Engineer: 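Pasting a structure below so you can have a look.
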Amino acid sequence: MMQDSTSFLTRLLDERREQQAFRELRLPGDKVDFCSNDYLGLARNAEVRAYIHTLMEERHPAHGSTGSRLLAGNYEWVMSVEKDLANFHQADAGLIYNSGYDANLGVFSCLGRKGDTIIYDQLIHASIRDGVRLSAAQSFSFLHSDITDLEKKLKNATGNIFVAVESVYSMDGDLAPLAAIAALCGQYGAHLIVDEAHATGIIGNRGEGLVQQLQLTGACFARIHTFGKAVGCHGAVVLGSETLRDYLINFSRSFIYTTALPPAALAAIEAGYAAFPYMQAEREKLSALIRQFQTGLHHVELLAGNTPIQAVLTRGNDHTRKIAGALQSAGLDVRPILHPTVPKGSERLRIVLHSFNTATEVDRLIKVLQA
């Protein structure tokens, strides 16, 4: 009898189920959004959508990119958007990738060579970890936002040294101590790379991110701004020097060997960035909702952080699923974050607040969590 060719997959999936860690795709339905990264509502903004259509009519006759950037997929519009993004973020140059994952994978896999060192925060995003694994450089993590531990790792580093942090951490919602990290990198001659995915559009008077707010652009070797969060679309840009841009075009495999973003994606990026400088009222409302949520919770273990990402520690996959289920039943779309996505014992509800949420909806959320 022929053996079931998928039996080895079934065994691994069954292990996940036993660990209460089985992942499934679900639709949000008509629940109140407390889980998406659409912090400013740009993905659902009617004016932005109309501007995207206008840009498509004006800028590009085709709806497909037709190839990689090094073949048929390069066109004037994408190069123009790269220059505009570099100007907005006070960088010399920018290179657009198809996603934040592609950008991090492409940057970290090709920068470090044999004899070099990559040092990264232990809570760094999985995309950076995957890029580091593909690199020929040696790598070490340092305790989350711990300057003393980072310096210990820097003292043992060799070759070209790269330090990777996020400005806003995606699962904890806290800010990196960027000024102190930048100073330490300067002291040890390390190249600082900052992933600004969850700061883009949110931090700064124009949504420019934490690095610019702290006036640290000159201290960064590279910055990655992702468009799948507050920009409300897809893609990412790596910012740095012209030399870095040329290097990535020549050595970054996730850029070289993939079909370029289509013009519609470029239109969405441009429309989102056109809106950012005029969304201070939305950013202020978001801050007010964050304060309301934090002050309304009692007897709940909430991680410290004043960003739209509010992490309620629930500990244990089964317990976390049950609380998330209660929230879902109340019409609130909150998703559980389970081990192995986060370390065992730090399972949580990752609650995301948005400028389009209402004070009444946040009160409802607090009431269920307090029950």
Side-chain angles (χ1 to χ4, degrees), residues 70 86 89-95 97 100-167 169-170 176-197 209-211 214 216-226 236-258:
L70 288 168
H89 288 296
Q90 299 175 343
D92 291 337
L95 186 67
Y97 281 75
Y101 188 95
D102 286 330
N104 282 330
L105 193 77
V107 167
F108 286 93
S109 62
C110 77
L111 276 179
R113 298 300 179 109
K114 189 173 182 180
D116 293 339
T117 307
I118 300 174
I119 305 171
Y120 57 92
D121 189 289
Q122 67 177 8
L123 296 188
I124 206 76
H125 195 271
S127 56
I128 294 179
R129 285 179 176 268
D130 288 352
V132 170
R133 288 191 188 102
L134 292 172
S135 168
Q138 64 176 340
S139 61
F140 306 97
S141 66
F142 66 95
L143 297 174
H144 179 51
S145 292
D146 189 317
I147 302 301
T148 302
D149 195 46
L150 172 57
E151 185 164 20
K152 288 180 183 176
K153 301 301 192 298
L154 284 167
K155 286 178 178 178
N156 295 320
T158 61
N160 293 309
I161 306 167
F162 302 93
V163 172
V165 299
E166 297 178 48
S167 53
Y169 283 89
S170 60
L178 273 187
I181 291 172
L184 203 57
C185 288
Q187 180 181 339
Y188 285 88
H191 303 296
L192 176 60
I193 303 176
V194 182
D195 183 341
E196 290 257 50
L210 186 61
V211 170
L214 297 177
L216 293 172
T217 55
C220 293
F221 178 79
R223 287 173 281 156
I224 297 99
H225 284 269
T226 300
V237 66
V238 178
L239 302 165
S241 65
E242 290 282 0
T243 303
L244 174 63
R245 185 177 188 274
D246 287 342
Y247 181 88
L248 294 175
I249 290 170
N250 280 274
F251 293 97
S252 180
R253 293 171 68 85
S254 65
F255 174 85
I256 297 168
Y257 297 110
T258 191

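As the structure is a prediction and not an experimental result, all values here were calculated from the model. Note that these values count all heavy atoms, side chains included, but never hydrogens, waters or copies made by symmetry.
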Engineer: With sequence neighbours left out, which residue pairs that include part of residues 121-153 fulfil the ring-ring contact (aromatic ring centres under 6.0 Å, His included) condition?
Structural biologist: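 Checked against ring-ring contact (aromatic ring centres under 6.0 Å, His included) - neighbours excluded - the pairs reaching residues 121-153 are His144-Tyr169.
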Engineer: Between Asn104 and Phe108, is the side chain to side chain contact (heavy atoms under 4.5 Å, CB included) condition met? List the steps.
Structural biologist: CA-CA 6 Å; Asn104 282 330; Phe108 286 93; 4.0 Å; yes
Engineer: Where do Val238 and Arg223 land on the side chain to side chain contact (heavy atoms under 4.5 Å, CB included) test, with the steps shown first?
Structural biologist: CA-CA 6 Å; Val238 178; Arg223 287 173 281 156; over 6 Å; no
Engineer: Looking at Gly94, is its backbone amide N or carbonyl O close enough to the side chain of Arg245 to form a donor-acceptor pair, meaning the two atoms are under 3.5 Å apart?
Structural biologist: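 It does hold such a pair.
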Engineer: Could you tell me whether a side-chain N or O of Ser139 sits under 3.5 Å from a main-chain N or O of Val132, the two making a donor and an acceptor?
Structural biologist: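 Pair absent, no side-chain N/O of Ser139 close to backbone of Val132.
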Engineer: Evaluate His191 against Val163 for side chain to side chain contact (heavy atoms under 4.5 Å, CB included), listing each step before the verdict.
Structural biologist: CA-CA 6 Å; His191 303 296; Val163 172; over 6 Å; no
Engineer: With a 3.5 Å distance limit and no angle check, can you tell me whether Ser252 reaches the backbone of Gly106 through a side-chain donor-acceptor pair?
Structural biologist: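 The answer is yes, because a donor-acceptor pair under 3.5 Å joins these two groups.
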Engineer: Flag yes if more than 12 heavy atoms outside Arg113 fall under 6.0 Å of its CZ atom; otherwise flag no.
Structural biologist: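 Yes, the 6.0 Å shell around CZ holds more than 12 heavy atoms from other groups.
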Engineer: Distance from Leu244 atom CG to Ile193 atom CD1, nearest 0.5 Å?
Structural biologist: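 Taking CG in Leu244 and CD1 in Ile193, the distance rounds to 8.0 Å.
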Engineer: Could you state the interatomic distance from CG (Leu192) to SG (Cys185), rounded to the nearest 0.5 Å?
Structural biologist: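 Those atoms lie 4.5 Å apart.
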Engineer: For side chain to side chain contact (heavy atoms under 4.5 Å, CB included), just list the numbers for Val237 and Ile224, CA-CA rounded to whole Å, side-chain angles, deciding distance to a tenth of an Å, and then say yes or no.
Structural biologist: CA-CA 6 Å; Val237 66; Ile224 297 99; over 6 Å; no
Engineer: Given side chains that start at C-beta, do those of Ile161 and Asp116 come closer than 4.5 Å, heavy atoms only?
Structural biologist: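 SC-SC contact between Ile161 and Asp116 ruled out.
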Engineer: Is it the case that the side chains of Ser254 and Asp102 hold a donor-acceptor pair, with the cut-off being a distance below 3.5 Å and no angle test?
Structural biologist: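 Side-chain D/A pair, Asp102 to Ser254: absent.
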Engineer: Where is the tightest heavy-atom contact between Gly112 and Phe162, given as atom of each residue plus distance?
Structural biologist: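 The pair with the smallest heavy-atom distance is CA-CE1, 4.0 Å.
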Engineer: What are the two closest heavy atoms between Leu154 and Ala190, and how far apart are they?
Structural biologist: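 Nearest pair, atom of Leu154 first, then Ala190: CD2-CB, 3.9 Å.
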Engineer: Is there side-chain contact between Phe255 and Leu95, with heavy atoms separated by less than 4.5 Å?
Structural biologist: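 Phe255 vs Leu95: side chains touch.
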Engineer: Considering only heavy atoms from C-beta outward, does the side chain of Gln187 approach that of Glu151 to under 4.5 Å?
Structural biologist: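 Result yes, sub-4.5 Å side-chain heavy-atom pair found.
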Engineer: To the nearest 0.5 Å, how far apart are CG in Asp92 and CD in Glu242?
Structural biologist: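 Reported to 0.5 Å precision, the distance equals 6.5 Å.
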Engineer: Tell me the closest heavy-atom pair linking Glu196 and Val211, and the distance in Å.
Structural biologist: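 For Glu196 and Val211, the tightest heavy-atom pair comes out as OE2-N, 3.0 Å.
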Engineer: State the CD1-CG distance between Ile256 and Asn250, to the nearest 0.5 angstrom.
Structural biologist: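 Atom-to-atom, Ile256:CD1 and Asn250:CG are 6.5 Å apart.
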Engineer: Taking all non-hydrogen atoms of both residues, which atom of Pro177 and which atom of Ile147 are closest, and how far apart?
Structural biologist: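 Distance-wise, the nearest heavy atoms are CG-CD1, 4.0 Å.
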Engineer: Under the ring pair (Phe, Tyr, Trp, His ring centres under 6.0 Å) rule, collect the residues that match up with Tyr188, sequence neighbours excluded.
Structural biologist: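 With neighbours one apart ignored, the set is empty.
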Engineer: Identify the two heavy atoms, one from Leu239 and one from Ala91, that lie closest to each other, and give their separation to 0.1 Å.
Structural biologist: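 That would be CB-CB, 3.8 Å.
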Engineer: For Cys110 and Phe251, which heavy atoms make the closest approach, and how far apart are they?
Structural biologist: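 Heavy-atom minimum between the residues: CB-O, 3.4 Å.
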Engineer: Rounded to the nearest 0.5 Å, what separation is found between the OG1 atom of Thr148 and the NZ atom of Lys153?
Structural biologist: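 Those atoms lie 11.0 Å apart.
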Engineer: Between Asp195 and Glu166 (side chain of the first, backbone of the second, donor and acceptor by atom type, cut-off under 3.5 Å), is there such a pair?
Structural biologist: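 Not a single qualifying donor-acceptor pair exists.
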Engineer: Which residue pairs satisfy the salt bridge (charged side-chain N to carboxylate O under 4.0 Å, His left out) criterion with at least one member in residues 132-144, sequence neighbours excluded?
Structural biologist: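 Matches after skipping sequence neighbours: Asp130-Arg133.
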Engineer: With rounding to the nearest 0.5 Å, note down the distance linking CG in Asp149 to OG in Ser141.
Structural biologist: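 Those atoms lie 8.0 Å apart.
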